[in-house]
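Remarks on the structure that follows.
Everything numeric in this text was worked out from a predicted model, so none of it was measured. Letters A, B, ... mirror the listed sequences (proteins, then strands); counts begin at 1.
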Amino acid sequence: MLSHLIKLMWNKRRANGLIFLEIILAFIVLFGVYAFAFYNYDRYSSPLGFSYENSIGLRLDIDDDMDSLAVLGLQERIVREVRTVPGVEAVSFLGPVNPFGGNNWGTGNDDNGFQLFTRMLFADEHFAETMELKFREGRWFEKRDDNAKYPPIVVNGKFMDEYYPNAETLLDSIIILSGDRQVIGVVEDFKYASNFAENEPLTFYPQSGFYSGDRPPFEQMIIRTAPGQTAAVEEPIYNLVTALTKNTDVVIWNMAEDRIKANRPVVIPLVILLIISTFLLINIALGLFGVLFTQINRRRAEIGLRKAMGATPGEVTAQFVGEILIITVAGLLLGTFFAVQVPLLELLPIPPKFFYFGIVAAIATILLIVTVCALLPSRQAARLHPALVLHEE
Amino acid sequence: MIELNNISKSYRTDTIETLALQHMNLSVPAGEFLSIMGPSGCGKSTLLNIMGLIDEPSEGTVVLAGREVTDYNGSKVARFRNEQLGFIFQSFHLINDLSVVDNVELPLLYRKLGGKERRRLALEALARVGLSNRATHFPNQLSGGQKQRVAIARAIVGKPNIILADEPTGNLDSHMGGEIMDILTRLNKDLGTTIVMVTHDERMAKRTHRLVRLSDGERVS
Ligand SMILES: Nc1ncnc2c1ncn2[C@@H]1O[C@H](COP(=O)(O)OP(=O)(O)OP(=O)(O)O)[C@@H](O)[C@H]1O
Ligand SMILES: [Mg+2]
């Protein structure tokens, strides 16, 4: 039966050309959308590694003429006093890179005997508590580290997994990152750009490893509040900080809102793509439906004939579903041939597995839609009375 | 073999009701070669369709091979049509997108047969109607008479016990028509195939065992 249908479809190839083309195009579009969606879902599902839900960010301006001792004193005072605002639970200063802020800093070298690249984030000793970081091993910076032999760093889990996959521990290891630095802690996860950011190796530096020479002191803060208190603390904190810095140049933002903004560059195209492809699928389904109804209508005599020759209703249904599936499979094969070129030739900087997922998912979706759309007209065909339709000719 | 008991058939359209058959009784014993004659529109094709279980009578019962037929659209009746019945339609009904030999294979598709065996039987049937050299042609490359012969090959390929032929010689010259009659007669004699044939040609009717005449949906002889 299958060879009969393949032959029949081959003989009708001109009539079926458009469906074939439509299947290929739909497949290519779906393949792309699925690969993109899977890739981003994969990124989204890797944890941020810090709390942002009840936190606000703050940017202030420290007088450039102050000496470093005075700056440190001012920062300490700000932390202490903001901490006393009702609703505030933890307060921390950080450098120019802030979570969801859209900026980043990185460094790389091959001084350790291999190519190393890491994002950098600069934060004070309160940062781990404020962000509620979880540690794989070791601890966060403390005041006493300023006098340590080697400047301390904390890295994230990805850093360890990427560059020291076989190491039992990284604690006390000396890593060359513009000078020897000693690892004092490894946090489980930390990616800060957005939920859709890649989970990259990251190194934390204390203020002492940053604020020097022509680099400014830390001028950003993260303040974690009790649940639901973020809005309430904004005004008292603003008043307090402007008074302490004697400068009204203070900006406060909500980190939860910032996260949503940071996700937008992926979420918006993703939603648009999903909407477009949903419409595309509906369109294809309706088109197929119409085409199959007219095709089957034009072949009423043939259906009558086949039934008169002994085709059961089930065999008539199977024939029409089978026919369209043959065209579909042919289209999918050709489409897959094109699609696998993307991972094989490494046309895009995305891991190949997402493209293979995309191919499988697009094939499954199209087969499902085609089968569902073919079933109704085919079953209608199977119910035709042979004498009646044969008489029509 | 075939027994029609008090069969009536009416076609209802929006405006009129046509009585195609009225209280028809007919019994065809196994192995008989029966011809049916009558003016156009008297219900010959309708009668054949009812005998072949592709149309349902409005009244009366059909008994085929000793069993009364009750279901006309199930898979049991489909099996029966496939194994026991061979149809030759008045207007051929070939599938234009299939080659001649594929058309002939059609009834065998609904049996459990390998592709090679199907092909062999189809070519054999084509040889019997003298069309071996047209096996790979398509129906629209054939003359009316050739199409008729393809339709006959298709009807006999499954070696059915009953052949229902609706004017199988209607589109052929007398020479060709005679040859078709030879084929049918041989089938009837050699294999004992029961044949019911509608014809307009007295000479063809004379070559059969028995003639039944219809007029206005009624049997007149
Ligand atoms: N499907 C149908 N719907 C409505 N009327 C029909 C249908 N089939 C047959 N008829 C009517 O039933 C009557 C008998 O038709 P039938 O085809 O059996 O005639 P026939 O004897 O085979 O004629 P012919 O020699 O021209 O083939 C005709 O009046 C025809 O119009
Ligand atoms: Mg007729």
Within 6.0 angstrom of A:Leu21 CG, more than 12 heavy atoms from elsewhere: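 Atom CG in A:Leu21 is packed in, count exceeds 12.
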B:Leu187 and B:Arg128, any side-chain heavy atoms less than 4.5 Å apart: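 In contact.
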Just wondering, do B:Val62 and B:Tyr72 contact through their side chains at under 4.5 Å, heavy atoms?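 Yes, side chains in contact.
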With a 4.5 angstrom heavy-atom cut-off, which part of [X] approaches chain A: side chain, backbone, both or neither?
X	result
B:Asp97	both
B:Arg111	neither
B:Phe138	side chain

I'd like to verify something: which residue of B:Arg118, B:Arg154, B:Glu83 has the highest number of heavy-atom pairs under 4.5 Å with chain A?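 Going by pairs under 4.5 Å, I would pick B:Arg154.
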Counting heavy-atom pairs under 4.5 Å to chain A, which of B:Asn49, B:Asp55, B:Leu98, B:Asn96 comes out on top?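 Maximum pair count with chain A is reached by B:Leu98.
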In terms of heavy-atom pairs under 4.5 Å, which option from A:Arg383, A:Glu302, A:Glu315 contacts chain B the most?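 Sorted descending by pairs with chain B, the first entry is A:Glu315.
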Using a cut-off of under 4.5 Å for heavy-atom pairs, which of A:Gly314, A:Pro313, A:Ala311 has the most such pairs with chain B?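 The answer is A:Ala311.
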Segment of A:Arg299 engaging chain B (4.5 angstrom heavy-atom cut-off):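 Neither part, no heavy atoms under 4.5 Å.
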With B:Lys76 as the cation and B:Phe80 as the aromatic partner, state whether NZ or CZ is under 6.0 Å from the six-membered ring centre and within 45° of the axis.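 B:Lys76 over B:Phe80 ring: no.
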Would you please say whether a donor-acceptor pair under 3.5 Å links the side chains of A:Asn263 and A:Asn195?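 A pair is found: one side chain offers a donor N or O, the other an acceptor, under 3.5 Å apart.
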Which word best sums up how the rings of A:Phe31 and A:Phe355 line up, parallel for under 30°, tilted for 30 to 60°, or perpendicular for over 60°?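 Plane angle between 30° and 60°, so tilted.
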